[in-house]
Amino acid sequence: NSASSAPQLLALAAFYLSTENGNEVKRLAEAAIKLEENSAAAYQMLGMAHRLNFDLEASSSAFAKALELDSESLSGRRNLADMKRAIGKSEEAIALYSEVLAKDPDDLPSQTGRILSLFEGGKRSEAESELLKSVEANSGNVVLLAGAAWWYAPHGETAKAIDLAGKGIASEPRYIWSHIALARAFTSAGRFAAAE
């Protein structure tokens, strides 16, 4: 009976996560926590459920609890960093991403998150230096290209934003955020027909 096994509940929750059913993931993760209150995996799953449901504060809290229970988890640290960045806590995000990168320098999502957090935290020169290195090493990192374009557009750098978003679209046309960043850049540039 899966109701008596936290790992089975989490396996079922993983299925619902793949179908983007946040409410069912949350229900199953909470049931797993009732069975194993010190399960870092269950809190990770709860964090994913809240993230899927756009409850970013609750997601951050669940990921923080997961990391408290398993302080060595790099994915847990990265997930918490992502949520800290999402709720505007750039300094905390930078510190968490840096901790991941100290142990795994090739962790691309953490490199990307750290660079975007640097931009968001007002550390533009450091962000731009790392952006150049990262794009040189991985020109197809559409998350970074779109994220940087999104940041540049309202900061008076519309040409740079249009260039980065365009590179993202050329690399992966199906990544919608590159198109949204490009539209934002065109809007910032007063090119409303192009934005539309």
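We're numbering straight along the sequence, starting at 1. Remember, predicted model here, so these are calculated numbers, not experimental data.
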Closer than 4.0 angstrom, basic N to acidic O: yes or no for [X] and [Y]?
X: Lys65; Y: Glu68; answer: yes
X: Glu91; Y: Lys123; answer: yes
X: Arg27; Y: Glu24; answer: yes
X: Glu99; Y: Arg114; answer: no
X: Glu30; Y: Lys34; answer: no

Is there a chain of hydrophobic side chains (I, L, V, M, F, W, Y, each step under 4.5 Å between heavy atoms) that links [X] to [Y]?
X: Leu108; Y: Leu101; value: no
X: Leu96; Y: Met83; value: yes
X: Leu67; Y: Leu56; value: yes

So, taking the atom named [atom1] in [X] and the one named [atom2] in [Y], what distance separates them when rounded to the nearest 0.5 Å?
X: Tyr16; Y: Leu52; atom1: OH; atom2: CG; answer: 14.0 Å
X: Leu118; Y: Tyr97; atom1: CG; atom2: OH; answer: 10.5 Å
X: Leu10; Y: Leu17; atom1: CG; atom2: CG; answer: 11.0 Å
X: Asn141; Y: Lys167; atom1: CG; atom2: NZ; answer: 13.0 Å
X: Ser59; Y: Gln44; atom1: OG; atom2: CD; answer: 9.5 Å
X: Ser171; Y: Leu145; atom1: OG; atom2: CG; answer: 7.0 Å

Begin from the C-alpha positions of Ser110 and Asp104 and carry the test side-chain hydrogen bond (donor to acceptor under 3.5 Å, both in side chains) through to its verdict.
CA-CA 9 Å; Ser110 292; Asp104 183 4; over 6 Å; no

How far apart are the C-alpha atoms of Phe119 and Glu130, what are their side-chain angles, what is the distance that settles it, and do they pass the side chain to side chain contact (heavy atoms under 4.5 Å, CB included) test?
CA-CA 10 Å; Phe119 275 116; Glu130 291 194 21; over 6 Å; no

Aromatic rings Trp177 and Trp150: how do their planes relate, parallel, tilted or perpendicular, breaks at 30° and 60°?
perpendicular

Any heavy-atom pair between the side chains of Gln111 and Leu144 that's under 4.5 Å?
no

Could you tell me if the side chain of Ser117 sits less than 4.5 Å from the side chain of Lys84, heavy atoms only?
no

Taking all heavy atoms of Ala181 and all of Ala146, pick out the closest pair and write down the distance.
CB-O, 3.6 Å

